[in-house]
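Have a look at the structure below before the remarks.
First listed ligand is number 1; within each ligand, the first listed atom is number 1.
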Amino acid sequence: MKVRITKDYALIIVDVQYDSMPGGALPVPDGDRVVPVLNKYIKIFTEKGAQIVASRDWHPENHSSFKEYGGIWPSHCVQNTHGAMFHSDLQLPENTYIVSKATHPDKDAYSAFSGTDLAAYLKEKNIKRVFIGGLATDYCVKATVLDAIKEGFCTFFLEDASKGVDVNKGDVDRAIDEMLEHGGIKLTISDII
Ligand SMILES: [Zn+2]
């Protein structure tokens, strides 16, 4: 498949933050390897005048998803800490639309569309197709892809720009199957022109 990128498309980069990197609070194995691949997508999308979006987990320090507050995760991506910063090698252009999610103590959000204005923002800009990659395939990327489909966007999953956790062996494969079953389209950089 070949897809020609136009200005009516958006690249959505999910949660490429230090706490999702090896050594971070909630590491994705090889999570840092998505960065150079995403930079290639960023370069192409920017050249074509397409919109770049970057989502981030952006929790208060007493967030309900943290173990000490009744959740299942260790404390991670606390607002304004190093762990919540985007990987510094990620070459986000200045006009990147930053989406902060799960910013209130009592609400969690895996999807970049959950509790944010992302859908409205993209629709206002008349974006028709979205291309989604980042971390982690079997959590926030999957949730973002499924929500994008629900919102009516033609949705592409960037397989080479995403890494999963695979807590239970096969989680990543199942996540990809689920995205495709719902109408997501799998893509790699060689499909982009
Ligand atoms: Zn979180």
(message) Among the N, O or S atoms of Asp57, which one sits nearest to the Zn ion (ligand 1)?
(response) OD2

Any N/O/S atom, side chain or main chain, of [X] closer to the Zn ion (ligand 1) than 2.8 Å?
X	result
His76	yes
His59	yes
Asp108	no

(request) Mind telling me whether Phe131 and Phe45 have parallel, tilted or perpendicular rings, with 30° and 60° as the class edges? (result) perpendicular

(request) Return yes if a side-chain donor-acceptor contact under 3.5 Å exists between Asp117 and Tyr97, otherwise no. (result) yes

(request) State whether a side-chain donor-acceptor pair under 3.5 Å links Tyr69 with Ser75. (result) no

(request) Taking Asp138 for its side chain and Gly164 for its backbone only, find out whether a donor-acceptor pair lies under 3.5 Å. (result) no

